[in-house]
Structures are given as C-alpha cells and as structure tokens.
Student: 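This is the structure I have questions about; it appears just below.
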Amino acid sequence: MRRTVYNEDHEAFRETIRAFIEAEVVPVYDEWFAAGQAPRDFYYKLAELGIFGIEVPEEYGGAGIESFKFEAILYEETARAGISFGGSGVHVLLCLPYLKAYATEEQKKRWLPDFVSGRSMYAIAMTEPGTGSDLAGMKTTAKLSEDGTHYVLNGAKTFITGGVHADKVIVCARTDSPKADDRRHGISLLVVDTKSEGYSVGRKLDKLGLKVSDTAELAFVDVKVPVEDLLGEENKGFSYLGQNLPQERLGIAVGAYAQAAAAVRFAQQYTQDRTVFGKPVASFQNTKFELAACKAEVDAAEAVCDRAIEALDAGELTPAEAASAKLFCTEVAHRVIDRCLQLHGGYGFMNEYPIARLYTDNRVNRIYGGTSEVMKSIIAKSMGL
C-alpha cells in the first residue's frame with residue numbers, strides 16, 4: 001500500500017539524510033560504537049545540515065516548519081542504516097518543545113540561535129536514583145537565594161541521555177515542598193549551564209544497548225542558576241512535563257517501527273546471501289514464513305505510526321493514543337527483531353552485524369518514555385476502566 005504521510009519535500013529530505021549517513025556516519029560508526037559515543041564535532045555537521053533548526057521559528061535561525069514528519073524520517077533512515085546520531089535526538093525531540101512552549105521572548109533570543117547551530121547541545125534531567133518513573137518523588141532542590149537573584153541547585157540525576165556532551169541541561173527540581181493533597185506541586189524547570197561551578201558529570205553509564213548514545217549521571221552541589229533561566233512559571237514544571245509526553249512517546253513508537261522494518265531488511269538480505277546445506281537460507285519454508293509474518297507486523301506498525309504522525313501534526317494526538325502507539329509498536333519491534341536475529345543464526349549474536357545492535361538497542365523502547373505497563377494503565381484509564 002502506498003504511504004501518503006510524506007510528500008515530495010519529505011522524500012527529498014530523506015535522500016539527503018541517506019546520503020549524509022552513507023558518507024559521514026557509516027565509515028566511522030564502528031569507532032563510535034567502540035568509544036561509546038559520537039564525537040562532539042559530529043553535532044556541528046548535523047547543525048550544518050539544518051536538522052536542529054527544522055522546527056525552530058525563522059526569527060531564531062530555524063526553518064519554522066511545524067511538523068514532526070522530518071523527525072520521523074530521521075528515525076527511519078538511521079534505523080535503516082543500523083546507526084544512530086548519538087544523544088542528539090534528545091536535543092530536538094525532548095528539549096526543543098519545552099523551549100518553544102515556555103521560554104520567554106528574551107530567553108528564545110538568547111538560547112535558540114545556539115541551539116540551531118549546535119554550539120549549545122541540550123539534555124533534560126528528570127530521573128533520579130531511586131525514583132524511576134515517580135517524578136513527583138524527586139528530591140533535587142532549587143532554593144531561591146535571599147536576594148532573589150538566583151536559585152541554589154542541589155541533588156543528583158541519572159539516566160541522562162546526552163548528558164556527557166550537553167552544554168545546557170533542563171533540570172527538573174523542587175522549588176517548593178509538595179502539598180499534602182498534591183505531590184506534583186513544587187517542581188520547576190531550570191536551564192542550567194554545564195560550566196557552572198558545582199555542576200559535574202559523573203559516570204558515563206555502561207548500557208546494554210544504545211552504545212553510541214552518551215548517557216550519564218549528573219550531580220549538583222550549590223549550583224547557582226540565575227532566576228532569568230527559570231523556564232516557564234515556578235512550581236508548574238510537572239504539568240509542563242506531561243504536555244510533551246505524547247510527542248515523546250510517538251517518537252519512541254516511530255523509532256521502534258523503523259527498527260523492526262530495518263530488522264526485516266537485514267534478515268531478508270542475510271538469508272538470501274547465506275547458504276546452508278547447499279541452499280540459500282531464504283529458500284527454506286520456515287524462513288519464508290518467518291519473514292512474511294514479520295513483514296505483516298511491520299506493515300501494521302507503519303499504519304499505526306502514520307496515523308499518529310498525522311494526528312500529532314494536526315494537534316489531535318491524545319495521551320492515550322500516543323500510549324497505544326508506543327505500546328503496540330515497541331511490542332511489535334520486540335517480536336520482529338528477535339525473530340530476525342534468529343534467522344541470522346550464530347552471526348546474529350555478533351555485534352559486527354547490525355541485527356545484534358538492533359536487538360540490544362530496541363530493548364529500552366519498552367522502558368523509557370514510560371514502561372509498557374504504564375502505557376497499559378493510561379489506555380485503560382481512557383477506556384473508563
């Protein structure tokens with residue numbers, strides 16, 4: 001079936017990204033994988049390509065395109081090539097919506113040009129050791145100084161993607177105590193300069209997958225944050241976090257679908273080239289049936305993603321619909337990638353084959369952005385259950 005979600009401009013962008021990946025990423029990707037991160041100067045190349053500014057208004061140096069579709073193409077093309085752009089996805093997918101929605105005009109003029117150029121890479125710090133998905137339980141504090149000029153930030157964060165290379169971090173912290181009837185009260189968002197005294201990057205975490213995406217622990221000891229760098233209103237941070245979740249979860253859904261589609265492509269190519277008992281592996285009935293079943297699941301995931309992308313662009317994607325898309329697509333990817341790795345036999349267990357990296361990279365999709373169990377709870381609540 002013909003896809004209708006993309007037009008000629010999107011497909012031209014796809015061709016540009018595919019050529020860029022082949023020229024700038026594929027030849028050095030094994031080095032990035034061994035190092036555990038993409039080099040910082042690679043982000044300048046992404047900026048030159050215009051990737052960081054697609055959805056940034058023109059007055060701040062961007063293209064001013066209000067659409068998620070270009071971001072979706074990035075997911076599809078990086079998965080197709082079996083590579084990633086490191087922690088840069090957080091810069092655009094997670095951080096930009098907060099800057100666009102809650103920054104003042106003065107802050108946008110100060111922050112967005114460097115955001116677009118890659119001179120300032122952003123990360124967002126929500127999760128803390130011991131709290132996991134319970135954001136209302138965060139302990140990091142930001143107390144207003146006596147003269148009212150700055151906040152004093154203390155605490156720690158973990159699982160911060162992009163945390164090693166980040167120049168600025170949107171930190172979620174308590175500026176007031178929770179209320180007896182509202183644990184979510186008192187959380188604010190602060191844009192913290194990583195060069196600030198008392199700010200430190202701890203361990204670069206050794207993850208099961210996403211090896212090229214730098215993920216770190218962060219610590220704050222009496223970090224002074226100017227009041228001018230408060231993002232949005234004080235104590236409203238929790239509500240802000242919830243408003244971006246549909247787009248974040250759709251991004252994970254699209255990424256999972258793209259990984260599943262790539263897995264089928266890798267498995268089909270491998271089984272056609274690999275000979276066993278004098279015959280191509282693809283000639284056996286089991287191989288044909290497995291690939292056919294996987295293709296059918298990928299087709300269904302594609303349809304879910306396309307419908308959700310259109311809904312997001314139209315401003316109509318609900319939290320429950322985004323949760324449904326994430327749940328379905330991540331579960332499909334889990335099944336499909338596992339079956340496609342099996343078709344590779346022993347070679348599927350080797351990191352030199354992209355299917356092995358897909359297998360480990362994919363696992364986190366059912367955890368971050370809200371676990372599959374949380375997605376089920378959101379969907380069930382929307383059903384009145």
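Side chains are part of it too, since the values below use all heavy atoms of this structure and drop only hydrogens, waters and symmetry mates.
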Student: Ring centroids only, cut at 6.0 angstrom: are Phe266 and Tyr353 within range, meaning strictly under it?
Tutor: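 They do not qualify: ring centres at least 6.0 Å apart.
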Student: Are any non-hydrogen side-chain atoms of Val171 and Leu218 less than 4.5 angstrom apart?
Tutor: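 The answer is no; the side chains never approach within 4.5 Å.
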Student: What are the two closest non-hydrogen atoms of Arg110 and Pro113, and how far apart are they?
Tutor: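 Closest approach of Arg110 to Pro113, heavy atoms only: C-CD, 4.5 Å.
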Student: Locate the shortest heavy-atom distance separating His334 from Asn362; write the atom from each residue and the value.
Tutor: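 Heavy atoms only, the tightest pair is CA-ND2, 3.6 Å.
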Student: Please evaluate residues Leu93 and Glu71 with respect to the criterion side chain to side chain contact (heavy atoms under 4.5 Å, CB included), reporting the C-alpha separation (whole Å), side-chain torsions for both, the decisive distance (0.1 Å), and the verdict.
Tutor: CA-CA 8 Å; Leu93 178 66; Glu71 185 76 11; 4.0 Å; yes
Student: Does a side chain donor of either Ser372 or Glu331 reach within less than 3.5 Å of an acceptor in the other side chain?
Tutor: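 A donor-acceptor contact under 3.5 Å links the two side chains.
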Student: Does His344 have its ring centroid less than 6.0 Å away from the ring centroid of Phe349?
Tutor: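 No, the ring centres sit 6.0 Å or more apart.
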Student: Answer yes if Val332 and Val264 sit in the same cluster of Ile, Leu, Val, Met, Phe, Trp and Tyr residues linked by side chain heavy atoms under 4.5 Å apart, and no otherwise.
Tutor: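 Shared cluster, yes.
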Student: So, for Cys172 and Met126, which heavy atoms are closest and what is the spacing to 0.1 Å?
Tutor: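 Distance-wise, the nearest heavy atoms are SG-CG, 3.6 Å.
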Student: Please determine which of Asp206, Asp361, Asp30 meets the salt bridge (charged side-chain N to carboxylate O under 4.0 Å, His left out) test together with Lys211.
Tutor: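 For Lys211, the salt bridge (charged side-chain N to carboxylate O under 4.0 Å, His left out) test succeeds with only one of Asp206, Asp361, Asp30, which is Asp206.
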Student: Check Lys295 with Asp299, please: is the shortest side-chain N to carboxylate O separation under 4.0 Å?
Tutor: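 Salt bridge: yes.
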Student: Assess the side chains of Thr194 and Asp167: does a donor N or O sit below 3.5 Å from an acceptor N or O?
Tutor: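 No donor-acceptor contact under 3.5 Å links the two side chains.
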Student: Check whether Val26 and Leu74 end up in the same hydrophobic cluster, where Ile, Leu, Val, Met, Phe, Trp and Tyr are linked by side-chain heavy atoms less than 4.5 Å apart.
Tutor: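 Yes, one cluster joins them.
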Student: Apply side chain to side chain contact (heavy atoms under 4.5 Å, CB included) to the pair Tyr368 and Leu210, showing each step before the final yes or no.
Tutor: CA-CA 12 Å; Tyr368 67 3; Leu210 299 179; 4.3 Å; yes
Student: Is any side-chain heavy atom of Gln259 closer than 4.5 Å to one of Asn365?
Tutor: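 The answer is yes; the side chains approach within 4.5 Å.
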Student: Tell me yes or no: between the side chains of Gln37 and Ser213, is some donor less than 3.5 Å from an acceptor?
Tutor: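 Note: Gln37 and Ser213 side chains miss the donor-acceptor criterion.
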Student: So which atom in Ala156 and which in Pro129 form the shortest heavy-atom distance, rounded to 0.1 Å?
Tutor: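 Closest pair (atom of Ala156, atom of Pro129, distance): O-CD, 3.8 Å.
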Student: About how many Å separate CG of Leu190 and CG of Leu231, when rounded to the nearest 0.5 Å?
Tutor: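 Going from CG on Leu231 over to CG on Leu190, the span is 8.5 Å.
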Student: Give the intermediate values and the outcome of side-chain hydrogen bond (donor to acceptor under 3.5 Å, both in side chains) for residues Glu128 and Thr140.
Tutor: CA-CA 8 Å; Glu128 297 183 2; Thr140 295; 2.8 Å; yes
Student: When rounded to the nearest 0.5 angstrom, what is the spacing between OG in Ser188 and CG in Leu153?
Tutor: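 If we round to the nearest 0.5 Å, Ser188:OG and Leu153:CG are 11.0 Å apart.
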Student: Decide whether Tyr347 and Phe284 are clustered together by the hydrophobic rule: side chain heavy atoms of Ile, Leu, Val, Met, Phe, Trp, Tyr closer than 4.5 Å, transitively.
Tutor: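 Result: no, two separate clusters.
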Student: Before you tell me yes or no, could you show the steps for Leu96 and Leu112 under side chain to side chain contact (heavy atoms under 4.5 Å, CB included), namely the whole-Å CA-CA distance, both residues' side-chain angles and the distance that decides it to 0.1 Å?
Tutor: CA-CA 9 Å; Leu96 181 58; Leu112 289 180; 4.1 Å; yes
Student: Going through the checks in order, is the salt bridge (Lys or Arg N to Asp or Glu O under 4.0 Å) test met by Glu77 and Arg14?
Tutor: CA-CA 7 Å; Glu77 289 305 306; Arg14 184 190 302 279; 2.9 Å; yes
Student: Is the number of heavy atoms from other residues, nucleotides or ligands within 6.0 Å of OH (Tyr60) greater than 12?
Tutor: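 Result for OH/Tyr60: enclosed.
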Student: How long is the straight-line distance from OG of Ser88 back to OH of Tyr122, given to the nearest 0.5 Å?
Tutor: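 Tyr122 atom OH to Ser88 atom OG measures 15.5 Å (nearest 0.5 Å).
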Student: Between Arg265 and Arg80, is there a side-chain heavy-atom distance shorter than 4.5 Å?
Tutor: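 Answer yes - side chains close enough.
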Student: What do you reckon, is CD of Glu105 surrounded by more than 12 foreign heavy atoms closer than 6.0 Å?
Tutor: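 It does: Glu105 CD has more than 12 such atoms within range.
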Student: Taking 4.0 angstrom as the limit, do Glu59 and Lys108 come out as a salt bridge?
Tutor: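 No.
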Student: Would you say the side chains of Tyr102 and Gln243 form a donor-acceptor pair under 3.5 Å?
Tutor: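 On atom types as modelled, these side chains qualify, holding a pair under 3.5 Å.
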Student: Got a donor-acceptor contact below 3.5 angstrom from the Thr275 side chain to the Gly278 backbone?
Tutor: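 It does not hold such a pair.
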Student: For the residue pair Trp32 and Glu24, what are the closest heavy atoms and their distance?
Tutor: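 In this case the closest contact between Trp32 and Glu24 is CZ2-O, 4.4 Å.
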Student: Consider only side-chain N and O atoms of Asp229 and Gln107, and report whether a donor and an acceptor are under 3.5 Å apart.
Tutor: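 No, no side-chain donor-acceptor contact under 3.5 Å.
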Student: For Lys100, is the NZ atom crowded, meaning more than 12 foreign heavy atoms sit under 6.0 Å from it?
Tutor: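 Yes.
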Student: Answer yes or no: are there more than 12 heavy-atom neighbours, outside Gln272 itself, under 6.0 Å from its atom CD?
Tutor: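 Result for CD/Gln272: enclosed.
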Student: Set out, in order, the CA-CA distance, both residues' side-chain angles and the distance that settles side-chain hydrogen bond (donor to acceptor under 3.5 Å, both in side chains) for Tyr257 and Glu302, then state yes or no.
Tutor: CA-CA 6 Å; Tyr257 145 70; Glu302 178 182 273; 2.8 Å; yes
Student: Do you know the tightest heavy-atom contact between Gly237 and Leu189?
Tutor: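 Here Gly237 and Leu189 meet closest at CA-CG, 4.1 Å.
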Student: Regarding Glu76 and Arg3, does a basic nitrogen lie under 4.0 Å from an acidic carboxylate oxygen?
Tutor: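 Looking at Glu76 and Arg3, the cut-off is met.
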Student: Taking it one step at a time, do Lys69 and Ile309 satisfy side chain to side chain contact (heavy atoms under 4.5 Å, CB included)?
Tutor: CA-CA 7 Å; Lys69 294 179 181 179; Ile309 289 169; 3.6 Å; yes
Student: Between the side chains of Glu321 and Thr318, does any donor sit under 3.5 Å from an acceptor?
Tutor: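 Looking only at side-chain atoms, Thr318 and Glu321 do form a donor-acceptor pair, the distance falling under 3.5 Å.
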Student: Does NZ or CZ of Arg40 fall inside the cone over Tyr44's six-membered ring, less than 6.0 Å from its centre and within 45° of the axis?
Tutor: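 Checked: cation-pi criterion met.
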Student: So, taking the atom named CG in Asp193 and the one named NZ in Lys168, what distance separates them when rounded to the nearest 0.5 Å?
Tutor: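 Here the rounded value is 4.0 Å.
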Student: So how far is it from Glu233 CD to Ser239 OG, rounded to the nearest 0.5 Å?
Tutor: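 Reported value, rounded in 0.5 Å steps: 8.5 Å.
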Student: Consider side chain to side chain contact (heavy atoms under 4.5 Å, CB included). Of Lys376, Arg249, Glu373, which one does Leu327 pass it with?
Tutor: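 Going through the options one by one, the only one that passes is Lys376.
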Student: Show your working on side-chain hydrogen bond (donor to acceptor under 3.5 Å, both in side chains) between Thr141 and Asn154 and close with a plain yes or no.
Tutor: CA-CA 5 Å; Thr141 61; Asn154 284 282; 5.0 Å; no
Student: Just by distance, no angles: are the side chains of Ser67 and Asp313 close enough, under 3.5 Å, to form a donor-acceptor pair?
Tutor: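 Ser67 vs Asp313: donor-acceptor pair found between side chains.
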Student: Distance check, rounded to the nearest 0.5 Å: Asn351 atom CG versus Phe33 atom CZ?
Tutor: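 If I round to the nearest 0.5 Å, the distance is 4.0 Å.
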Student: For a 4.5 angstrom cut-off between non-hydrogen side-chain atoms, does Phe220 reach Lys157?
Tutor: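 In contact.
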Student: For residues Val225 and His150, determine if any side-chain heavy atom of one lies less than 4.5 Å from a side-chain heavy atom of the other.
Tutor: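 No, their side chains stay 4.5 Å or more apart.
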